[in-house]
Amino acid sequence: MRFALVGNPSVGKSLIFNQLTGLGVEVSNYPGTTVELQRGNTCFQREMIELVDLPGIYSLEGDSDEESLVRRYLDQHETDAIIAVVNVTRLERNLYLLLQVAEYGLPMVVVLNMADEAIQQGLEIDPGPLRDLLGVDVILTAASQGKNIDRIIPAALAATRPSKVEVPYDHHVEAAIRSLGKMFGADRKESIQALLGFGDNPEFLEAARTIVDEIESRHRMTAAQIIAANRHNFARQLADLTIREETPLPRTDLDSILTRVIPGIPILLGILVGMLLLVFIAGSFLEELIVEFFEIFALQPFLALGLPPLAEALEHPSYSRSRQALG
Ligand SMILES: Nc1nc2c(ncn2[C@@H]2O[C@H](COP(=O)(O)OP(=O)(O)OP(=O)(O)O)[C@@H](O)[C@H]2O)c(=O)[nH]1
Ligand SMILES: [Mg+2]
């Protein structure tokens, strides 16, 4: 038995490979760490299983060495099942590749890795709808904690069917797939590949090119762009069914209370009125105190020195009172 780990860069394929085989393939945060295929063995219920760690890729239709290597590997059906590893915190982007992989028609199991990060980010994951729509087993793992890694091999051994999922393409593309199927007996994946310009049969490619020209004359996009957009839309729909952002609990800290219109503005008005009242009440009380202080410690000693003209000029009542007192 041979299983191949396929997925985007930095989703944890090599970490899972290492945990299952006990080998030390390089694991790092830099995308493209695994640039060629790595092989290792693991034993499950006395059966020897070969695991292949394929390089991380974003698409199966590019020209890079990694993409060509994975495409060739899947084309040659060298594996009994695919273990499609996905970073669950970037599900939509990762499902784009997974939908392409599914078109190869190989038995498959899907590993939604990095569940620990998803939880930290407040994401709620329900693998159920994805399992139903893909028609294959979907396992939620956290490879950095070794969580659910032991479920991968049994699931891959039980995987006997390819995914039943089909991207709903634009109706012109769907019509092209049907025509190419009828004319050349090509399956869905071969027809899409031919529409994208991949294939060995020149006659088949020529027919596909004619259809592509026809499609492109009716759209403002190239056939490749239409196919990519359809895949992206479908990947988004699948991701939306699988992931839900947890509604954050209402915040009860002072900041969030005071920055809401209610009760923020009434509290602000209350504080302003309170400050005004404080200024009036405390102000008049302080005023009396200051005047009395001034009379006792400034005016009366001044009068006692027999220097009345200023006080007289000010006609201050305490001047007359002091003068009477002094006789
Ligand atoms: N938090 C968290 N980190 C993980 C998990 N799985 C893998 N990682 C980390 O993700 C980074 C990438 O892991 P790799 O195993 O090298 O990823 P890869 O898919 O082999 O990457 P390429 O070889 O570039 O395709 C490493 O730093 C891992 O430690 C996980 O479940 N949770
Ligand atoms: Mg790797």
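In listed order, ligands and their atoms are each counted from 1. Residue indices begin at 1 and follow the sequence shown.
- The option with the heavy atom closest to atom 7 (C) of ligand 1, from among N8, V11, I149, L15, is L15.
- Taking all atoms of both residues into account, the shortest heavy-atom contact from R231 to L99 is O-CD1, 3.8 Å.
- The N/O atoms of D53, backbone and side chain alike, include none that comes under 3.5 Å of an N/O atom in ligand 1.
- Ligand 1 has an N or O atom lying under 3.5 Å from an N or O atom of K13, backbone or side chain.
- Close approach of ligand 1 to G56 (heavy-atom distance below 4.0 Å) involves ligand atoms 25 (O).
- Under a 4.0 Å N-O distance rule, the pair D126/R244 does not qualify as a salt bridge.
- Listed by number with element, the atoms of ligand 1 under 4.0 angstrom from any heavy atom of S10 are 12 (C), 17 (O), 18 (P), 19 (O), 21 (O), 22 (P), 24 (O), 25 (O).
- R161 is linked by a side chain to side chain contact (heavy atoms under 4.5 Å, CB included) to nothing, counting only residues two or more places apart in sequence or in another chain.
- Close contacts of ligand 1 with A142, meaning ligand atoms under 4.0 Å from a residue heavy atom, involve 31 (O).
- Checked against a 3.5 angstrom limit, the closest N/O atoms of G12 and ligand 1 fall inside it.
- By the 4.5 Å heavy-atom criterion applied to side chains, L112 and T141 are not counted as neighbours.
- Residue I281 belongs to no hydrophobic cluster, having no ILVMFWY side-chain heavy atom closer than 4.5 Å to its own.
- Within ligand 1, counting atoms from 1 as listed, the ones closer than 4.0 Å to a heavy atom of A143 are 6 (N), 30 (C), 31 (O).
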Practice item. Start with the C-alpha distance between S284 and E287, add both sets of side-chain angles, then the distance that settles side-chain hydrogen bond (donor to acceptor under 3.5 Å, both in side chains), and finish with yes or no. Key: CA-CA 5 Å; S284 62; E287 187 193 1; over 6 Å; no
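- Residue E117 has at least one heavy-atom neighbour below 4.0 Å for each of these atoms of ligand 1: 1 (N).
- Look at S10 and the Mg ion (ligand 2): no N/O/S atom of the residue is under 2.8 Å from the metal.
- The closest side-chain donor-acceptor pair between S144 and D116 falls under 3.5 angstrom.
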